[in-house]
There are 2 protein chains.
Amino acid sequence: MELGAFIAENGTSLSREPGQHVFRQGDRNSSLYFLKSGLLKAYYLSADGKEHIKSFILPGNHIGSLMASHAEKSCSFSLVCLRQCNLTMLPFSRLYQAARSDPAISAAVVDLLLSFAMKKEAREYELLCLSAADRYRRLVENTPDLLKLVTQNEIARYLGVTPVGLSRIKKRLAG
Amino acid sequence: MELGAFIAENGTSLSREPGQHVFRQGDRNSSLYFLKSGLLKAYYLSADGKEHIKSFILPGNHIGSLMASHAEKSCSFSLVCLRQCNLTMLPFSRLYQAARSDPAISAAVVDLLLSFAMKKEAREYELLCLSAADRYRRLVENTPDLLKLVTQNEIARYLGVTPVGLSRIKKRLAG
DNA sequence: TCGTGGAATTAACCCAAGTCAAAACCTATG
DNA sequence: CATAGGTTTTGACTTGGGTTAATTCCACGA
């Protein structure tokens, strides 16, 4: 992958222990992160202290705050390690600069944004059209491996229900 | 705007009457549409016949099915005119082709995808973290003009509640 | 093997929102 | 005006999920 090579060459490596943050909601962080190994959790913390999980990031995937990178705003979510993580960090600006002169990089950036947009669109669909029970069923079907990596507690907050709620949903589906 | 000029030159114009579709859920349509005037509604129709509104498109904005354009899939939603519409249509492929040779176009495509991704991300946030009442309040604050353009019925399905539900929410907020 | 702490389940209660159906309200048209 | 259409509101009932707190389950280390 072109982009992977570029990031590997130009980015800086970092590693983090479980529980450590890569960045926090409110930070100014306009970098793109590539996860080499480990497991990340991207989450929102609402005013009343409730956690809502935006996504889990598995090795081989990218993450970064678009808002902070492009809208002169601060990060709208936090990024924390659930496992020991090895990442590569690269400022978005450096990537765009490279894209300007190298068509292959440019195409890779388009691909990256595209796959990102499609993921977000799929999630929008699930949150808008499906019930919590349906979302859980889908998760079990599509990414059963994730269930083994994180607690049910976190699955619940990813699906948009409370842990208690998810427990009941499971019971209903099983019964 | 570079991109606007390119689309205007290379795209084909079309117009549609209220109620007519630009494309339907299940279609193979890999074009990007630019709305010159009118009002569009992008919506999902679920298996049990329920409509969920993905977004409203106002003049000056773009819309198209990323899924259909890039994942060899069919459109996951339908696009219909709520008013008389004037659009410009351009196959995504033509855009990418142009982007390969013209850095300005390439940058514009990146911008387009970026703003698209950010919109989707904001919507994901609202659906995941906010209550229906909060989403309604936000809508009233941020896009009050939209309330005048579409029925409350449609606002409800955009917010993820039933028309009856929204009526009650309004009452509660007012009381 | 026993405790200890976190995770998951269960129970009891409440409220928001769905459903269905009826009523009230518009707005345009003949 | 009067009516017919669609839109919004209201009512009565049901249900899914939140909240809190108690209980059970489990994994792990002393």
Side-chain angles (χ1 to χ4, degrees), chain A residues 17-20 39 41 43-53 56 80-84 126-140 144-175, chain B residues 17-20 39 41 43-53 56 80-84 126-140 144-175:
Chain A
E17 296 306 307
Q20 284 193 305
L39 179 62
K41 173 175 84 172
Y43 68 98
Y44 297 104
L45 214 56
S46 57
D48 53 338
K50 271 169 206 142
E51 177 179 319
H52 298 268
I53 300 183
F56 298 103
V80 69
C81 300
L82 298 182
R83 304 289 166 86
Q84 218 290 122
E126 294 182 352
L127 291 169
L128 180 64
C129 301
L130 303 182
S131 67
D134 284 338
R135 292 199 290 273
Y136 176 68
R137 235 191 318 242
R138 250 181 182 242
L139 189 73
V140 172
D145 39 314
L146 189 63
L147 297 177
K148 284 169 232 147
L149 295 176
V150 305
T151 68
Q152 186 171 310
N153 204 299
E154 284 167 317
I155 295 288
R157 292 190 207 290
Y158 172 71
L159 294 177
V161 295
T162 61
V164 179
L166 179 55
S167 176
R168 275 190 293 233
I169 287 173
K170 279 179 66 179
K171 194 180 182 182
R172 233 177 296 149
L173 291 182
Chain B
E17 295 307 308
Q20 283 193 306
L39 179 61
K41 172 175 85 172
Y43 68 98
Y44 297 104
L45 214 55
S46 58
D48 53 338
K50 272 171 203 139
E51 177 179 318
H52 298 269
I53 300 182
F56 298 103
V80 69
C81 301
L82 297 181
R83 305 289 166 86
Q84 218 292 122
E126 294 183 351
L127 290 170
L128 179 65
C129 301
L130 302 182
S131 67
D134 284 339
R135 291 198 291 274
Y136 176 67
R137 234 189 319 239
R138 250 179 182 243
L139 189 73
V140 172
D145 38 316
L146 190 62
L147 297 176
K148 284 168 232 147
L149 295 177
V150 304
T151 69
Q152 186 171 310
N153 203 301
E154 286 167 316
I155 295 287
R157 293 189 207 291
Y158 172 72
L159 294 176
V161 295
T162 61
V164 178
L166 180 54
S167 174
R168 275 190 291 234
I169 287 172
K170 280 179 65 180
K171 194 180 182 181
R172 231 176 300 149
L173 290 183

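If you're wondering where the values come from, they're calculated on a predicted model, not measured in any experiment. These numbers come from the heavy atoms of this one structure, side chains and all, not from hydrogens, waters or symmetry mates. Every chain is numbered from 1 and lettered A, B, ... according to where its sequence line falls, protein lines coming before strand lines.
For A:Ile169, the side-chain atoms get nearest to D:dG17 when compared with the rest of C:dT9, D:dG17, C:dA7. Between C:dG18, D:dT9, C:dA12, one nucleotide has an atom nearer to the side chain of B:Lys170 than all others, and that is D:dT9. Checked against C:dA8, C:dT19, D:dG17, the side chain of A:Asn153 finds its nearest nucleotide in C:dA8. Nearest to the side chain of A:Thr151, among D:dG11, D:dT8, C:dA8, sits C:dA8. Checking D:dT10, D:dT19, C:dT19 against every side-chain atom of B:Ser167, the shortest atom distance belongs to D:dT10.
Electrostatic pairing of A:Arg83 and A:Glu17 does not count as a salt bridge here, judged by no charged N lying under 4.0 Å from a carboxylate O.
Atom-to-atom, CZ of A:Arg168 to P of C:dC14 comes out at 14 Å; the value is rounded to the nearest Å. When rounded to the nearest whole Å, the span between CZ of A:Arg157 and C1' of D:dG18 equals 12 Å. Distance CG (B:Leu166) to C1' (C:dG18): 14 Å, rounded to an integer number of Å.
Taking only side-chain nitrogens and oxygens, B:Lys171 never comes nearer than 4.0 Å to OP1 or OP2 of D:dT9. The side chain of A:Thr162 contributes an N or O atom lying less than 4.0 Å from OP1 or OP2 of D:dG18.
Annotation: the span from A:Arg135 atom CZ to A:Ile169 atom CD1 amounts to 8.0 Å, rounded to 0.5 Å.
B:Arg172 comes within 4.0 angstrom of sugar-phosphate atoms only, judged by non-hydrogen atoms across all strands, and of no base.
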